[in-house]
Undergrad: 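So that we are looking at the same thing, I have put the structure below in structure tokens.
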Amino acid sequence: MEQRHLGRTGLRVSRIGLGTLTWGRDTDEHDAADLLRTFWEAGGNLVDTADVYGDGEAEYLLGQLMDGLVPRRDLVISTKAGSVADPDRRVDGSRGHLLSALDASLARLGTDHVDVWHLHSYDPATPLEETLQALDIAVASGRARYAGVAGFCGWQLARAATWQLAAPGSRARLASTQMEYSLLQRGVEREVLPAALDTGVGLLPSSPLGRGVLTGKYRGDAVPPDSRRASGHMAAFVEPYLDDTASRIVDAVTTAADGLAVTALQVALAWVRDRPGVTAPVVGARNAQQLTAALSVEALTLPDEICRALDDVSAPVHRYPDHDWSTL
């Protein structure tokens with residue numbers, strides 16, 4: 001699999017990443033082992049997790065699989081901290097919490113460092129410089145090799161990245177940001193992507209297949225029994241992308257796939273993978289068969305005319321102040 005630099009750093013990662021959101025909850029150890037082995041054998045190295053996935057079980061399971069199945073040195077492990085199971089405070093970006101969470105992640109993963117450590121969300125209740133200092137301490141102590149953020153809007157990302165760049169050598173520059181991005185969700189193009197491109201931060205898109213909708217599995221009234229839409233705790237996650245607008249985009253993706261003799265999944269994934277500023281979409285698969293289908297996109301590059309057609313049909317409405325006022 002082709003590799004790309006993560007942002008403006010020397011770290012190289014596979015241009016498709018493996019997500020572990022469901023590990024330890026819907027994905028058991030046998031399926032997880034098949035997924036990791038399939039990903040590794042295909043040349044993938046970027047594996048993304050978080051301390052809250054499966055209440056820590058995703059990290060623990062990944063750690064168990066690295067103990068013999070796949071060599072630790074062959075993987076780029078990304079994890080996240082900051083989200084907390086507190087209804088009154090869903091995010092804790094305090095330095096104390098973050099560093100304690102990192103130590104707990106390392107224990108579950110069974111490793112002395114993670115390759116990329118992300119802040120899971122912006123915490124408005126904690127001074128940003130305190131939150132970012134946790135990244136500096138993690139990198140300086142060797143517990144993390146690189147640092148990033150997730151869920152930061154445009155101004156938050158620009159502020160954080162600029163703060164880190166203001167003191168080169170003493171602060172860890174941001175390598176990456178994680179945000180949802182797909183043909184069904186192009187909101188990051190308003191301000192997040194411009195901020196990332198300007199500050200040299202690589203984008204790791206989550207839900208690059210529109211939460212599974214872009215595969216075409218939900219066309220019409222179809223609800224596959226093993227799909228997220230049929231799952232009690234995941235149905236609400238899919239519902240926002242089942243409206244008429246999404247249906248038109250899915251139809252366009254399917255038409256393009258038919259014309260290229262490939263699958264809708266491949267078209268949707270290739271589109272986001274090759275967008276400016278994108279380093280590696282993170283794909284969550286239920287089993288090795290689904291993952292193999294996603295990894296088959298490696299050989300596909302969409303023709304320019306197909307990209308333009310998909311851009312047009314999925315174009316979000318961006319007006320003032322995103323466009324030059326004189327064009328409005």
Side-chain angles (χ1 to χ4, degrees), residues 1-20 39-50 70-80 111 113-120 132 135-136 138-140 142-152 154 156-158 160-182 188-189 191-208 269-283 294-295 297-302 307:
M1 190 184 303
E2 182 180 324
Q3 294 189 348
R4 294 171 172 170
H5 286 280
L6 184 60
R8 208 167 293 161
T9 75
L11 178 63
R12 292 175 62 83
V13 299
S14 53
R15 61 177 182 167
I16 297 292
L18 175 63
T20 64
F39 184 65
W40 174 62
E41 290 176 348
N45 68 355
L46 175 63
V47 182
D48 180 70
T49 189
V70 175
R72 170 67 180 90
R73 64 180 179 275
D74 288 354
L75 299 178
V76 174
I77 302 300
S78 161
T79 195
K80 297 178 282 292
T111 184
H113 74 280
V114 293
D115 299 283
V116 191
W117 188 43
H118 290 94
L119 303 175
H120 210 160
L132 294 173
L135 298 180
D136 300 334
V139 173
R143 285 177 280 178
R145 298 295 191 252
Y146 295 88
V149 297
F152 277 41
Q156 293 165 351
L157 173 61
T162 302
W163 177 266
Q164 294 303 94
L165 290 171
S170 60
R171 295 178 190 160
R173 73 173 300 149
L174 298 186
S176 53
T177 182
Q178 291 193 27
M179 293 289 286
E180 184 169 352
Y181 188 28
S182 73
V188 296
E189 294 176 6
E191 293 187 343
V192 174
L193 259 180
L197 286 165
D198 188 64
T199 55
V201 176
L203 178 64
L204 301 174
S206 59
S207 296
L269 190 54
W271 180 89
V272 71
R273 181 199 64 195
D274 295 333
R275 297 295 286 178
V278 168
T279 298
V282 176
V283 176
L295 296 178
V297 76
E298 180 67 18
L300 176 64
T301 299
L302 297 179
C307 289

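Owing to the predicted nature of the structure, the values given are computational and were not obtained by experimental measurement.
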Undergrad: For the residue pair His113 and Arg72, establish whether any side-chain heavy-atom pair is separated by less than 4.5 Å.
TA: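 The answer is yes, as the side chains (C-beta and beyond) meet within the 4.5 Å cut-off.
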Undergrad: Atom CD1 in Ile16, atom OG1 in Thr279: separation rounded to 0.5 Å?
TA: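 Reported value, rounded in 0.5 Å steps: 11.5 Å.
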Undergrad: Testing the basics here: between Gln178 and Ser78, what is the closest heavy-atom pair and its distance to 0.1 Å?
TA: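 Nearest pair, atom of Gln178 first, then Ser78: NE2-OG, 3.6 Å.
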Undergrad: If you measure from the Lys or Arg side-chain nitrogens to the Asp or Glu carboxylate oxygens, is any gap between Asp274 and Arg4 under 4.0 Å?
TA: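 Here Asp274 pairs with Arg4 in a salt bridge, since their nearest N and O are under 4.0 Å apart.
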Undergrad: Which pair of non-hydrogen atoms, one from Leu46 and one from Ala280, has the smallest distance, and what is that distance?
TA: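 That closest heavy-atom pairing would be CD2-CB, 4.0 Å.
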Undergrad: Do side-chain atoms of Glu298 reach the backbone of Glu2 as a donor and acceptor pair under 3.5 angstrom?
TA: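 Yes, because the side chain of Glu298 sits within donor-acceptor range (under 3.5 Å) of the backbone of Glu2.
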Undergrad: Specify the closest pair of heavy atoms between Leu157 and Val192, including all atoms of both residues, with the distance to one decimal.
TA: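 So the two residues come closest at CD2-O, 3.7 Å.
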Undergrad: Sequence neighbours excluded, which residues qualify as side-chain hydrogen bond (donor to acceptor under 3.5 Å, both in side chains) partners of Trp271?
TA: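 Partners of Trp271 by the side-chain hydrogen bond (donor to acceptor under 3.5 Å, both in side chains) criterion, ordered by chain and then number, come out as Asp311.
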Undergrad: Kindly compute the distance separating CE (Met1) from CZ (Arg15), expressed to the nearest 0.5 Å.
TA: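 The CZ atom of Arg15 is 8.5 Å from CE of Met1, to the nearest 0.5 Å.
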Undergrad: In Å, rounded to the nearest 0.5 Å, how long is the span from CG of Leu11 to OG of Ser176?
TA: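 Interatomic distance, Leu11 CG to Ser176 OG, rounded to 0.5 Å: 8.5 Å.
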Undergrad: What I'd like to find out is whether the side chain of Tyr181 reaches to under 4.5 Å of the side chain of Leu193, using heavy atoms alone.
TA: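 Yes. Closest side-chain heavy atoms under 4.5 Å.
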Undergrad: Would a 4.5 Å heavy-atom cut-off, applied to side chains only, mark Arg275 and Leu203 as touching?
TA: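 Of all side-chain heavy-atom pairs linking Leu203 with Arg275, none is under 4.5 Å.
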Undergrad: Is the shortest heavy-atom distance from the side chain of Ile77 to the side chain of Arg145 under 4.5 Å?
TA: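 Ile77 does not reach Arg145 side chain to side chain.
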Undergrad: Could you measure the distance from the CG atom of Leu6 to the OH atom of Tyr146? Nearest 0.5 Å is fine.
TA: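 One finds 8.5 Å between CG of Leu6 and OH of Tyr146.
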Undergrad: Rounded to the nearest 0.5 Å, what separation is found between the CG atom of Leu132 and the CG atom of Leu119?
TA: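 Here the interatomic distance stands at 6.5 Å.
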Undergrad: Are any side-chain N or O atoms of Asp136 and backbone N or O atoms of Ala172, one a donor and one an acceptor, separated by less than 3.5 Å?
TA: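 Confirmed, Asp136 side chain pairs with Ala172 backbone.
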Undergrad: Which heavy-atom pair separates Ala294 from Leu269 by the least distance, and what is that distance?
TA: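 Where Ala294 meets Leu269 most closely, the heavy atoms are O-CD2, 3.6 Å.
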Undergrad: I need the Phe39 CZ to Asn45 CG distance, nearest 0.5 Å.
TA: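 Reported value, rounded in 0.5 Å steps: 6.5 Å.
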Undergrad: Using only atom types and a distance under 3.5 Å, with no angle test, would you say the side chain of Lys80 pairs donor to acceptor with the backbone of Thr49?
TA: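 Yes, the answer is positive, given that a donor and an acceptor are paired below the 3.5 Å cut-off.
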Undergrad: Could you pull out the closest heavy-atom pair between Leu300 and Arg273, with the gap in Å?
TA: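 Taking Leu300 first and Arg273 second, the nearest heavy atoms are O-NH2, 2.6 Å.
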Undergrad: Has Arg171 got its NZ or CZ under 6.0 Å from the middle of the six-membered ring of Trp163, at an angle within 45 degrees of the ring axis?
TA: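 Arg171 over Trp163 ring: yes.
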Undergrad: What heavy-atom pair brings Ser207 and Ser182 nearest, and what distance separates the two atoms?
TA: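 Taking Ser207 first and Ser182 second, the nearest heavy atoms are O-CB, 3.6 Å.
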Undergrad: When you measure from the side chain of Asp48 to the backbone N and O of Gly19, does any donor-acceptor pair fall under 3.5 Å?
TA: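 No.
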Undergrad: Does Leu295 reach the side chain of Val283, with side-chain heavy atoms less than 4.5 Å apart?
TA: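 When only atoms from C-beta onward are counted, Val283 and Leu295 do not touch, as no gap falls below 4.5 Å.
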Undergrad: What's the verdict on side-chain contact (heavy atoms from CB on, under 4.5 Å) for Val70 and Glu41, showing C-alpha distance, side-chain angles and the deciding distance?
TA: CA-CA 9 Å; Val70 175; Glu41 290 176 348; over 6 Å; no
